[in-house]
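Nothing here was measured: the structure is a model prediction, and the numbers come from that model. Letters A, B, ... are given to chains in the order of the sequence lines, protein chains preceding strands, and every chain is numbered from 1.
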Amino acid sequence: MTEVLDRPTSSQSVGAVEPLLRVSNLTKNYGHVAGCLDISFEMRPGEVLGIVGESGSGKTTLLNCISGKLAPTSGSIAFNSRRHGLVDIYDLSEPDRRRMQREDWGFVHQNPRDGLRMRVSGGANVAEPLMNLGRRHYGDMRQATMDWLSRVELDLGRVDDKPRNFSGGMQQRIQIARNLIHNPRLVFMDEPTGGLDVSVQARLLDLLRELVRDLGLAAIIVTHDMAVARLMADRLMVMKGGHVVETGLADQVLDDPQHPYTQLLVSSVLQI
Amino acid sequence: MTATEAPARPNAAPEDRYYTYAYLDEQTKRMIRRAILKALAIPGYQVPFGSREMPVPYGWGTGGIQLTAAIIGRDDVYKCIDQGADDTTNAVSIRRFFATVADVATTEDTSEATIIQSRHRIPEQPLADGQIMVFQVPQPEPLRGLEPRETETRAMHAYAEYGLQYVSLYENISAYGRIAATAGYPVMIDERYLMSPSPIPKFDNPKMHMNPAILLFGAGREKRIYAVPPFTRVRSLDFEDYPFETQSWDEVCALCGANDSYLDEVVLDDKGEHMFVCSDSHYCADRREKGHAGPMAGHALAHIETEIAAEEV
């Protein structure tokens, strides 16, 4: 296993910065079935972490635990929130945790239908996080919505269309705008480009990479697509059977895989 | 339009008659009263209750009827309106129902009534201390249209997370350029609980603010009771740049000439003829009795309506 967990990931002196997220000995069991086992890692602000692995390897369980949707069996997840500083998210009271999720996090689902309200317009979907944070000025929110729709390269004339009238790729763009408009500190992405055709996927990835870099966002991207991992992630965690089998810089892991499973994974990518 | 005497019931001994006074059995009424007390203690909070089968279908006022049955007594004077009118089928049948099962006097006069059951209006005449309004509610959850999960809406109420409700207002403005919602307009009760005021027109929303009467809301199908106690702050939601406003009309009531009441449009023929009349039938009749006349006061149709109203009495 490549030991890079505590090594700085960029040229700036990261050592001085408090971690944004610290996961320690996280285990989640479903009865006697293990979801993920004894996982520890840290993230710094602005870092993009990719989690790769096959179906059933525990990627989504890990993501759900970290994002406060699923309480872990044991271990702790500390997040450095604007309001509370570095605290275990499951130690917060439920209203505090929900507020932290609204204020500091975004969650991009694989299926836009899970992340959008399908019965209200695209524009209202994008503006909703602002209203959840207590903004009550329509004109300002409308302006912010327009700004974000243009940032994700959507036709502004269609701002009031319902999500079902948009294509899959456009729905995903709306979902991305909705999850970035409130200036979160950490964005979770579960297969953000899964289910899209390759050309749309490429454009969306390009866009995502640009936004994440521009905003200095920290992001956790769960994917089984090695190309997505290579393009987006600074650092990779390879999971198998609930364990993290290898972690390291993305290029390092993908170019020089150490663990047999990682080698298999990297060599299984289809070449054209 | 004066209180009618309770119908005489010579065949029933009073104690037999009142074993299950006002249709519901004593245990059920007790359960509903407990729910009402809780609802009054937590203004705007939806209290679950064991709603019973009623002799009318859901949507015809089962929640309101159960509330009335639980609070009504022999000395009450009962008024029932449907969209403001005392003389529509639903209002007449519910009024007769309580005249029969509770032996109460009924009235059309708002000031005379002690209990006013309403389907979607608050009478124009200001309510007074000691009166109780009972509303029939189809959907008690204001957030339901946006959030289908009951577990989630309960959490939102518990933690006062009401940002979502503004999404519906935002949608309104982006589609129509103004807050076009007209009925069931969401309100904040005492700056804590978000409440759906049942489908009353937003014209009536300001009447709830600091109202001296008790406002009770009952949803029979959804099994919820909630309340606004007297003198409670009630604020209609709005945006800073799109303040709350009520409906207004360019015309006055065609029969009584009122310019301050909620008007219904009535289509008169297929050539575009129409008139506006007060939705509150008692308010309109009362004004006409006092000599007010609208532009169509002498109209043949107006004459017919007065005759019908006279027969009702």
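Ranking B:A175, B:S168, B:G145, B:A160 against chain A, the residue ahead of the rest is B:G145, based on heavy-atom pairs under 4.5 Å. In terms of non-hydrogen atom pairs under 4.5 Å with chain B, the most contact-rich of A:M131, A:R135, A:R136, A:R117 is A:R136.
Atom CZ of A:R113 is surrounded by 12 or fewer heavy atoms from other residues, nucleotides or ligands within 6.0 Å. Annotation for A:Y30: atom OH counts as buried by contact number, over 12 foreign heavy atoms lying within 6.0 Å. The 12-atom threshold is not exceeded at CZ of B:R30, counting heavy atoms of other residues, nucleotides or ligands nearer than 6.0 Å. A 6.0 Å sphere centred on CZ of B:R221 holds more than 12 heavy atoms belonging to other residues, nucleotides or ligands. When the shell of 6.0 Å around CD of B:E245 is examined, it contains 12 or fewer heavy atoms from other residues, nucleotides or ligands. Within a 6.0 Å sphere centred on CD of B:E53, other residues, nucleotides and ligands contribute 12 heavy atoms or fewer. Other residues, nucleotides and ligands contribute over 12 non-hydrogen atoms within 6.0 Å of the CZ atom of B:R33.
In this structure, chain A has a heavy atom under 4.5 Å from the side chain of B:Y242, while its backbone stays farther away. Only the side chain of A:T145 has a heavy atom closer than 4.5 Å to any heavy atom of chain B. Neither the backbone nor the side chain of B:L169 comes within less than 4.5 Å of any heavy atom in chain A. The contact between A:A127 and chain B is made entirely by side chain atoms (from C-beta outward), counting heavy-atom distances below 4.5 Å.
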Subject >> Derivation and outcome, side-chain contact (heavy atoms from CB on, under 4.5 Å), residues B:Y170 and A:E128 >> reply: CA-CA 9 Å; B:Y170 179 103; A:E128 187 194 328; over 6 Å; no
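Side-chain atoms of B:E171 come within 3.5 Å of backbone atoms of A:S121 as a donor-acceptor pair (strictly under, hydrogens ignored). In this structure a side-chain-to-backbone donor-acceptor pair under 3.5 Å is present from B:D241 to A:G139.
By the 4.5 Å heavy-atom criterion applied to side chains, B:Y159 and A:E94 are counted as neighbours. A:N132 has its side chain out of reach of B:E161: every pair of non-hydrogen atoms, C-beta onward, lies at least 4.5 Å apart.
Taking B:D238 as the reference, nothing meets the side-chain hydrogen bond (donor to acceptor under 3.5 Å, both in side chains) condition, with sequence neighbours excluded.
Closest non-hydrogen pair, B:S174 versus A:R142, comes out as CB-NH1, 3.3 Å.
Close approach to chain B, defined as a heavy atom under 4.5 Å from one of its heavy atoms, is seen in A:R98, A:R102 of residues 96-103 of chain A, taken by number.
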